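In what follows, a single structure is set out as structure tokens and then discussed.
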Amino acid sequence: MSPTPPLPAPISRYFAANPSFDVEGMLAPFAADAIVVDERHTRKGTDELRAWIKEATVGVKAVATPVSATQEDDLHIVVANVAGDFSGSPVPLTFRFQLAGKEISHLEIV
């Protein structure tokens with residue numbers, strides 16, 4: 001297994017909580033008004049993000065393993081292999097994070 005690329009602390013915490021399906025752990029690094037765009041759906045705020053994590057991660061046992069990380073201006077781009085109980089698993093997905101201080105303010109998954 002290759003080592004996880006170095007990531008900013010909030011992003012690292014998000015991925016670290018994923019394999020154990022720790023909903024609150026995955027949610028903790030996000031700002032209260034954070035926005036997530038996944039599968040062309042936009043979710044905003046703690047309640048919508050919690051529901052999204054339960055559906056998109058826990059519901060299909062999706063585990064994202066980062067394989068590369070780059071930074072372009074204020075955008076942290078992580079490519080991860082995502083495996084779980086869904087058609088086409090595993091798939092490489094790109095996670096585009098924006099941080100505000102020590103919190104994730106925006107995440108787009110493509």
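Values in this document were obtained by computation on a predicted structure and should not be read as measured data.
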### Task
Test Leu107 against Tyr14 for side chain to side chain contact (heavy atoms under 4.5 Å, CB included), laying out the working first.
CA-CA 11 Å; Leu107 167 59; Tyr14 169 80; 4.2 Å; yes
Under 3.5 Å donor-acceptor, [X] side chain and [Y] backbone:
| X | Y | value |
| --- | --- | --- |
| Glu108 | Val110 | no |
| Glu48 | Lys44 | yes |
| Ser105 | Gln98 | yes |

### Task
Given side chain to side chain contact (heavy atoms under 4.5 Å, CB included), test Gln71 with Ile77 step by step and report yes or no.
CA-CA 6 Å; Gln71 184 173 351; Ile77 302 167; over 6 Å; no
### Task
Heavy atoms only: give me the nearest Gly84-Ser89 pair and the separation to one decimal.
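That would be N-OG, 2.9 Å.
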Does the side chain of [Y] come within less than 4.5 Å of [X]'s, by heavy atoms?
| X | Y | result |
| --- | --- | --- |
| Thr94 | Val78 | no |
| Ile11 | Leu99 | yes |
| Ile109 | Phe97 | no |

### Query
Is there a chain of hydrophobic side chains (I, L, V, M, F, W, Y, each step under 4.5 Å between heavy atoms) that links Leu75 to Leu93?
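Different clusters.
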Which pairs of donor and acceptor atoms, one on a side chain in residues 15-43, lie under 3.5 Å apart (sequence neighbours left out)?
residue, atom, partner, partner atom, Å
Asn18, OD1, Ala64, N, 2.5
Asn18, ND2, Ala62, O, 2.9
Ser20, OG, Ala17, O, 3.3
Asp22, OD1, Glu24, N, 3.4
Asp22, OD1, Gly25, N, 2.8
Glu24, OE1, Arg50, NH2, 3.2
Glu24, OE2, Arg50, NE, 2.7
Asp38, OD2, Trp52, NE1, 2.9
His41, ND1, Glu39, O, 3.2
Arg43, NH1, Asp38, O, 3.2
Arg43, NH1, His41, O, 3.4

